[in-house]
Chemist: 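This is the structure, below, for whatever I ask next.
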Amino acid sequence: MRFRQVHLDFHTSEAIPGIGREFSKAQFQSMLRTGHVDSVTVFSKCHHGWAYHPSEANEMHPQLTFDLLGEMIAAAHEIGVRTPVYLSAGLDEKLARRHPEWLIRDAEDRTRWVKDFMTPGYHEFCMNTPYLDLLLAQIHEAVSRYEADGIFLDIVGVRKCRCQYCVTALRAAGRDPRDEAAVVALGEQTYLHYARRVREAIDAVKPGLPVYHNNGHQQRGRRDLVQVNSHLELESLPTGGWGYDHFPLSARYAQTLGMEFLGMTGKFHTSWGEFGGYKHPNALRFETALSLAHGAKCSIGDQLHPSGLMDESTYALIGAAYSEVEAKEEWCGGVTSVADIAVLSLEAAREACPGGQARRGEPNLADAGAVRILTEGHYLYDIVDTFSDFTAYKVLILPDEVAVWPELAEAIERFTTGGGKVLATGRSGLNPAGDAFALDLGVTWLGTNPYRPAYFKPYFTPGGLLPASYVMYSEGQLVELLEGQSLGHLENPYFNRDVFTFCSHQHTPSAREDNGPGMVESSSGIYIAWDVFSEYAEAGHLILKELVLHALERLLPLPSLRTNLPARGITTLQYQQAEQRYVHHLLYAAPALKGRIEVIEDIVPLRDISVSLRLPSPAPVHRVYLAPSMTELPFTAGQQGELTYTIPYLENHQMAVIELA
């Protein structure tokens with residue numbers, strides 16, 4: 001994989017004349033050079049179903065008169081730019097109207113994407129129908145006729161389908177199509193069968209050619225579904241509904257899988273399918289730097305005009321970001337994450353928990369809340385699943401609702417026996433039945449608090465706040481102290497808000513009585529009795545972050561990294577083993593909400609950012625410098641293994657490189 005990719009969408013209606021008539025090899029190459037692009041995904045087949053080349057397995061777009069795909073590949077290869085080839089796998093609108101019986105159907109026989117054929121939009125195909133053989137022939141044709149540098153297959157994944165092919169398959173296997181679990185199981189079987197057939201079709205022509213199946217989300221905890229890909233392309237357009245918190249969550253999990261991956265954003269003001277929408281250049285500068293900081297390569301989405309003419313404004317915009325990426329690549333390849341903390345993803349835990357699969361699709365803000373708090377606290381962390389080795393970390397976080405079954409309890413016990421500490425919140429740590437703790441957290445579970453909201457009175461000073469009775473809006477748990485110490489107690493209101501008992505505009509104040517511990521520290525770690533991560537993701541109440549940060553100060557008194565970077569700043573530490581060096585990334589930008597969209601325009605420079613590092617390697621530090629400027633940084637190596645230096649200037653993104661002797 002290369003660092004500077006463009007995903008060049010080209011979904012063009014047959015009602016538009018003159019497809020590709022303004023395509024120019026020279027102009028195409030010029031725009032790729034202007035954008036500093038080293039890989040461009042070009043189209044064999046779009047969502048409308050048309051091929052952009054002469055085809056026997058498909059039909060060429062009726063308004064296209066030449067081999068557009070072939071000319072794009074030749075032009076790109078001539079200037080050293082790679083060309084993965086795109087095929088719309090799940091959508092093919094021309095074929096949908098010819099074979100509606102091959103489409104995914106729900107229990108009410110509605111189609112997916114748009115519910116019927118009188119609504120403008122696409123309809124998704126089921127891979128358990130004869131459509132799969134047609135798609136495989138199209139893939140085979142693209143791979144055998146063109147010098148594709150990879151295959152990108154879009155709109156695929158595990159689907160629930162009750163088309164007549166799936167109903168027949170379920171009944172033949174003795175399963176009931178009305179049984180949701182049976183339908184999900186068939187969906188997984190169908191997807192894995194599709195992925196295997198695709199791999200076989202490609203390998204028959206070009207063994208090992210990279211393949212990516214795009215579903216828009218990599219399901220944490222399902223490595224079997226992730227590893228059908230040769231690499232990952234994490235679709236995460238901040239302005240397209242994902243937001244700026246989404247990519248760090250996906251990337252911090254993806255990097256633990258040991259696969260190459262890239263972060264896919266877009267040049268659009270909103271999202272895919274937008275013509276004439278442009279981000280501020282600073283937004284793309286930040287988003288590409290965010291990928292580099294998380295061990296990822298970069299992809300920026302664009303959309304080619306039906307005429308085939310590349311847009312000059314777009315490639316000037318992309319070039320502003322990719323010129324910086326190009327200068328930084330030397331320090332961003334072949335890296336592994338350095339982390340003190342593992343967050344066991346709630347999504348992954350539900351997948352692994354016996355019976356937990358029934359909760360797929362339920363709201364999960366806990367993972368996102370954990371990422372936000374740890375990022376703002378400038379801790380080094382990974383998002384992990386139950387296949388991960390917890391003993392590689394110092395602290396394990398179980399966010400809000402992580403049920404603990406025997407095998408997980410054994411893994412956590414091995415972790416704590418080796419000196420690791422646990423931070424559990426809310427219902428985390430309870431057994432799958434939810435009626436008793438399956439972990440020794442120093443408390444006994446008494447039940448769910450019937451009062452909501454309730455209050456927490458800390459026995460410590462929470463950051464910049466003072467001790468007070470802090471409202472806790474999320475569900476709370478009632479616990480009894482068994483071992484260790486209480487760090488603060490629960491207070492209930494006088495009553496819950498009701499038609500005959502209510503007070504003030506929102507909720508009833510605290511009755512100021514001690515109703516038991518709300519935060520407990522024991523020999524194994526710290527337990528907090530509320531869903532603090534989910535609540536922080538939803539509402540951002542400061543006290544929630546301060547509770548977690550106080551807990552981490554006690555559980556991790558000597559973190560690998562300390563810095564005075566502002567809360568909105570982002571910092572990561574990557575290790576380049578081949579070069580025997582660490583690369584410390586620092587980023588700072590403040591997205592602003594404009595209407596419904598988070599945007600970045602202004603990047604405010606920062607000065608004199610202090611850094612203290614405790615590196616895992618015992619080797620002495622040879623030098624510290626800024627990259628790519630190669631400016632030497634004065635540093636101090638303390639007797640306790642602490643390395644300190646100051647970043648004199650940070651504008652968007654800075655890398656401090658620590659070379660070992």
Side-chain angles (χ1 to χ4, degrees), residues 157-160 180-181 184-185 187-188 191-192 213-229 232-236 241-243 245-259 261 263 294 337 339 341-375 381-390 393 396-405 407-408 411-412 422-432 434 474-475 531-538 548:
V158 175
R159 305 288 191 252
K160 291 189 293 185
E180 193 77 0
V184 170
E188 292 187 359
Y191 176 63
L192 291 172
H213 306 271
N214 185 44
N215 187 33
H217 172 66
Q218 297 303 326
Q219 195 170 347
R220 294 182 289 278
R222 290 302 303 269
R223 297 194 180 195
D224 57 333
L225 302 180
V226 171
Q227 290 170 347
V228 300
N229 301 289
L232 301 178
E233 304 195 21
L234 304 183
E235 190 176 357
S236 185
W242 285 264
D245 287 340
H246 178 269
F247 178 73
L249 170 57
S250 295
R252 290 271 52 82
Y253 177 66
Q255 197 174 13
T256 68
L257 302 177
M259 301 174 68
F261 69 105
H294 287 84
S337 168
I341 299 170
V343 179
L344 178 55
S345 162
L346 175 57
E347 180 182 42
R350 284 176 177 170
E351 280 294 334
C353 179
Q357 298 84 355
R359 302 196 63 188
R360 283 178 185 155
E362 287 190 15
N364 168 23
L365 292 175
D367 289 353
V371 166
R372 173 47 51 202
I373 290 177
L374 293 176
T375 300
Y381 66 93
D382 287 335
I383 305 295
V384 303
D385 57 25
T386 57
F387 301 101
S388 301
D389 178 11
F390 301 154
Y393 304 92
L396 173 66
I397 294 179
L398 308 179
D400 294 356
E401 297 181 53
V402 176
V404 176
W405 58 100
E407 292 80 6
L408 179 58
I412 294 174
V422 172
L423 172 58
T425 60
R427 289 182 170 270
S428 289
L430 294 176
N431 60 28
S474 61
E475 178 185 84
D531 296 343
V532 296
F533 294 110
S534 301
E535 188 180 335
Y536 193 74
E538 186 170 36
V548 173

Chemist: Take the angle between the ring planes of H217 and H246 and call it parallel below 30°, perpendicular above 60°, tilted in between.
Modeler: tilted
Chemist: How about T256 and D382: does a side-chain donor come under 3.5 Å of a side-chain acceptor?
Modeler: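 No, no side-chain donor-acceptor contact under 3.5 Å.
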Chemist: With respect to S345, which candidate in I383, V384, V402 satisfies the side-chain contact (heavy atoms from CB on, under 4.5 Å) definition?
Modeler: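 Considering I383, V384, V402, a side-chain contact (heavy atoms from CB on, under 4.5 Å) with S345 is found only for I383.
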Chemist: Between V226 and M259, what is the shortest heavy-atom contact and its length?
Modeler: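 Nearest heavy atoms, V226 then M259: CG1-SD, 3.8 Å.
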Chemist: Looking only at heavy atoms, which two atoms of S428 and P399 are closest? And how far apart?
Modeler: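 What the structure gives for the nearest pair is OG-C, 3.3 Å.
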Chemist: Roughly how far, to the nearest 0.5 Å, is CG of L365 from CG of D531?
Modeler: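 Here the rounded value is 10.5 Å.
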Chemist: How far apart are the closest heavy atoms of F533 and A366, and which atoms are they?
Modeler: CB-O, 3.5 Å
Chemist: So, do L344 and I412 sit near enough that their side-chain heavy atoms are less than 4.5 Å apart?
Modeler: no
Chemist: With sequence neighbours excluded, tell me which residues meet ring pair (Phe, Tyr, Trp, His ring centres under 6.0 Å) with Y393.
Modeler: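 Applying ring pair (Phe, Tyr, Trp, His ring centres under 6.0 Å) to Y393 gives none.
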Chemist: If you round to the nearest 0.5 Å, how far is CZ of R350 from CD of E362?
Modeler: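 Rounded to the nearest 0.5 Å, the CD-CZ separation comes out at 5.0 Å.
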Chemist: Is there a side-chain contact between V184 and K160 (heavy atoms, below 4.5 Å)?
Modeler: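 Contact flag for V184/K160 side chains = yes.
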Chemist: Output yes when a side-chain donor or acceptor of R252 lies under 3.5 Å from a complementary backbone atom of Y381, and no otherwise.
Modeler: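 Flag set: sc R252 to bb Y381 pair under 3.5 Å.
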Chemist: Distance check, rounded to the nearest 0.5 Å: R427 atom CZ versus L346 atom CG?
Modeler: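 Spacing of CZ (R427) from CG (L346) equals 12.5 Å.
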Chemist: Would you say Y536 and V548 make side-chain contact, with heavy atoms under 4.5 Å?
Modeler: no
Chemist: Please tell me if the side chains of L225 and L192 come closer than 4.5 Å, counting only heavy atoms from C-beta onward.
Modeler: yes
Chemist: Once side-chain hydrogen bond (donor to acceptor under 3.5 Å, both in side chains) is applied, do any residues pair with Q218, and if so which ones, sequence neighbours excluded?
Modeler: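 Q218 satisfies side-chain hydrogen bond (donor to acceptor under 3.5 Å, both in side chains) with Y212 only.
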Chemist: CG/L423 to CG/L396 distance, rounded to the nearest 0.5 angstrom?
Modeler: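 It comes to 9.0 Å.
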Chemist: As an exercise, state the distance from CG of D224 to CZ of F387, rounded to the nearest 0.5 Å.
Modeler: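 Spacing of CG (D224) from CZ (F387) equals 7.5 Å.
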Chemist: Taking side-chain hydrogen bond (donor to acceptor under 3.5 Å, both in side chains) as the definition, give me every residue that meets it alongside D385, ordered by chain and number, with sequence neighbours left out.
Modeler: R223, Y253, S388
Chemist: If you take all heavy atoms of R159 and N215, which pair is closest and at what distance?
Modeler: NH1-OD1, 2.9 Å
Chemist: Tell me if a side-chain donor or acceptor on W242 pairs with a main-chain N or O of E235 at a distance below 3.5 Å.
Modeler: yes
Chemist: Indicate yes or no: at least one non-hydrogen side-chain atom of V532 is less than 4.5 angstrom from one of I373.
Modeler: no
Chemist: Above 12 or not: heavy atoms from other molecules or residues under 6.0 Å from CD of E188?
Modeler: yes
Chemist: Which residues pass the side-chain hydrogen bond (donor to acceptor under 3.5 Å, both in side chains) test with N364, not counting sequence neighbours?
Modeler: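 With sequence neighbours excluded, N364 shows a side-chain hydrogen bond (donor to acceptor under 3.5 Å, both in side chains) to D367, given in chain and number order.
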Chemist: If every non-hydrogen atom of V371 is compared with every non-hydrogen atom of P248, which pair is closest and at what distance?
Modeler: CG1-CB, 4.0 Å
Chemist: Under 4.5 Å between any side-chain heavy atoms of T386 and E351, yes or no?
Modeler: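 No - every pair of side-chain heavy atoms lies 4.5 Å or more apart.
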Chemist: Quick check: closest heavy atoms across N214 and E233, and the distance to 0.1 Å?
Modeler: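 Looking at all heavy atoms of both residues, the shortest contact is OD1-O, 4.3 Å.
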Chemist: Can you sort out the partners of S534 under side-chain hydrogen bond (donor to acceptor under 3.5 Å, both in side chains), two or more places apart, ordered by chain and number?
Modeler: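 For S534 the side-chain hydrogen bond (donor to acceptor under 3.5 Å, both in side chains) partners, ignoring immediate neighbours, are D400.
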Chemist: Of all residues at least two apart in sequence or in a different chain, which pass the ring pair (Phe, Tyr, Trp, His ring centres under 6.0 Å) check with F247?
Modeler: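 Checked F247 against ring pair (Phe, Tyr, Trp, His ring centres under 6.0 Å); matches are H294.
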